[in-house]
Amino acid sequence: MTFVTVRHFTEDDIPLRLQLLRESQFQANLSDFAVQAADADLVADVRRTIAERQAERRIFTLCGAGGAVMGFAWITSVDWRNQCCELSFGVLPRFRGGPGAFAVQAAHDHVRSELNMRVVVNQVLEHNTMLQSAAALASSRQVRCAYDSYTVGRWRSACYWTLTDEDVSADRAERLARRREVAERIRARKGESG
């Protein structure tokens, strides 16, 4: 059973996405372009993306139990021929933390399985620790770009890294090996006490 599902973004999702774009942590941790934009301009831009920009940019809705919207994911810098894109996401405040991590994983799985992307570029502003620790971010990054983004009155450094099919397979194998190791230790302890 899947905890998070990914579906296409629809016009019905626009009001909730606008709320997220206006939320202070989203603006500080991702982008504050919505600070100066009027609602009508933001709505028009999203409608244009839905109607005209599917080849270069797509937005998805991340849903949890009962279809509750958890947030949104979007791909940009799409290179269909080379099966590469940048994946971004915004999780609604009440789902940040554990559930948000599941939403992010569902977005990654979706672009690989449904859109056949083989390389996914990730970018996280260095101060953003909503879904991962600073240490995890530092160990993931392959490139650190100082002064990459300007949000809510401050220059921010960004961390970039790619996840290839090989990276995903290696991570999956490592996780399975750890599970097997833990299961074997539990069986061994159970055998000792039995």
Side-chain angles (χ1 to χ4, degrees), residues 2-23 25-27 29-35 37-93 95-96 99-125 128 130-132 140 142-143 148-149 151 158-168 171:
T2 304
F3 176 71
V4 179
T5 57
V6 179
R7 65 170 170 78
H8 285 283
F9 183 89
T10 68
E11 287 199 17
D12 291 340
D13 296 317
I14 292 174
L16 195 52
R17 181 166 165 83
L18 259 58
Q19 285 178 13
L20 182 62
L21 293 174
R22 301 271 189 224
E23 196 255 332
Q25 281 191 304
F26 177 91
Q27 290 179 352
N29 290 326
L30 193 67
S31 174
D32 65 354
F33 74 91
V35 169
D39 283 352
D41 293 335
L42 293 172
V43 169
D45 182 62
V46 172
R47 285 187 174 143
R48 210 169 19 262
T49 295
I50 294 170
E52 302 168 13
R53 297 182 185 153
Q54 292 293 304
E56 64 193 60
R57 178 180 181 181
R58 290 190 186 185
I59 305 173
F60 303 97
T61 304
L62 307 171
C63 301
V69 175
M70 298 176 71
F72 305 99
W74 55 99
I75 58 171
T76 55
S77 304
V78 180
D79 182 343
W80 294 103
R81 178 172 285 188
N82 291 302
Q83 298 171 293
C84 179
C85 69
E86 183 172 333
L87 174 64
S88 301
F89 49 86
V91 177
L92 297 172
F95 293 108
R96 292 181 184 146
F102 287 114
V104 170
Q105 185 59 52
H108 274 275
D109 293 346
H110 182 81
V111 298
R112 287 185 185 288
S113 65
E114 298 299 320
L115 301 178
N116 206 28
M117 294 294 162
R118 299 291 149 243
V119 177
V120 177
V121 178
N122 299 276
Q123 174 202 15
V124 176
L125 298 183
N128 182 352
M130 283 196 291
L131 293 173
Q132 60 185 326
S140 295
Q142 295 165 331
V143 174
D148 178 83
S149 299
T151 64
C159 299
Y160 289 89
W161 69 97
T162 59
L163 285 176
T164 65
D165 280 350
E166 293 79 13
D167 296 329
V168 171
D171 181 61

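What you see is a predicted model, and the numbers here were worked out from it, not measured in a lab. Worth knowing before you read on, the calculation uses all heavy atoms, side chains too, and leaves out hydrogens, waters and symmetry mates.
- Contact detail for V91 and G100: the closest heavy-atom pair is CG1-CA, 4.0 Å.
- Residues N122 and Y160 have side chains not in contact (no heavy-atom distance under 4.5 Å, counting atoms from C-beta outward).
- Of all heavy-atom pairs spanning A55 and W80, the tightest one is O-NE1, 2.5 Å.
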Donor-acceptor pairs under 3.5 Å, side chain of residues 58-78 to any protein atom, not counting sequence neighbours: which ones?
| unit_1 | atom_1 | unit_2 | atom_2 | d |
| --- | --- | --- | --- | --- |
| R58 | NE | Q54 | O | 2.9 |
| T61 | OG1 | D13 | OD2 | 2.8 |

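- Between L18 and D39, the closest side-chain pair of non-hydrogen atoms falls below 4.5 Å.
- Here T10 contributes atom OG1 and I14 contributes atom CD1; the two are 7.5 Å apart, rounded to the nearest 0.5 Å.
- We find the CD-CG distance between E56 and D79 to be 13.0 Å, quoted to the nearest 0.5 Å.
- Atom OG of S113 and atom NE2 of H108 lie 12.5 Å apart (nearest 0.5 Å).
- Taking the side chain to side chain contact (heavy atoms under 4.5 Å, CB included) definition, one finds that D167 meets it with L163, T164, sequence neighbours left out.
- Checked for salt-bridge contact, E23 and R96 meet the test: a charged N lies under 4.0 Å from a carboxylate O.
- Of all non-hydrogen atoms in R22 and A37, the two that sit nearest each other are NH2-O, 2.9 Å.
- Looking only at atom types and distance, the side chain of D109 has a donor-acceptor partner in the side chain of Q105 under 3.5 Å away.
- Remark: side-chain polar atoms of N29 are paired, donor with acceptor, to backbone N or O of Q25 under 3.5 angstrom.
- Remark: T49 engages R53 in a side-chain hydrogen bond (donor to acceptor under 3.5 Å, both in side chains) (not counting sequence neighbours).
- When side chains are defined from C-beta on, L16 counts as touching L92, because their heavy atoms get closer than 4.5 Å.
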One pair to check against side chain to side chain contact (heavy atoms under 4.5 Å, CB included): N82 and V119. What are the steps and the verdict? CA-CA 8 Å; N82 291 302; V119 177; over 6 Å; no
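- For the atom pair L20 CG and R17 CZ, the distance stands at 7.0 Å (nearest 0.5 Å).
- Put simply, OG1 on T5 and NE2 on H110 are 10.5 Å apart, with the number rounded to the nearest 0.5 Å.
- Nearest heavy atom pair, residue M117 against residue C85, reads CG-SG, 3.8 Å.
- Residues T151 and L125 have side chains in contact (heavy-atom distance under 4.5 Å, counting atoms from C-beta outward).
- In the displayed structure, F102 atom CZ is contacted under 6.0 Å by at most 12 heavy atoms of other residues, nucleotides or ligands.
- The pair R48-D45 meets the salt-bridge criterion, since a charged nitrogen lies less than 4.0 angstrom from a carboxylate oxygen.
- Annotation for V168 and R112: closest pair CG2-NE, 3.4 Å, computed over non-hydrogen atoms.
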Candidate pair Q123 and S149, rule side chain to side chain contact (heavy atoms under 4.5 Å, CB included), full reasoning: CA-CA 11 Å; Q123 174 202 15; S149 299; 3.9 Å; yes
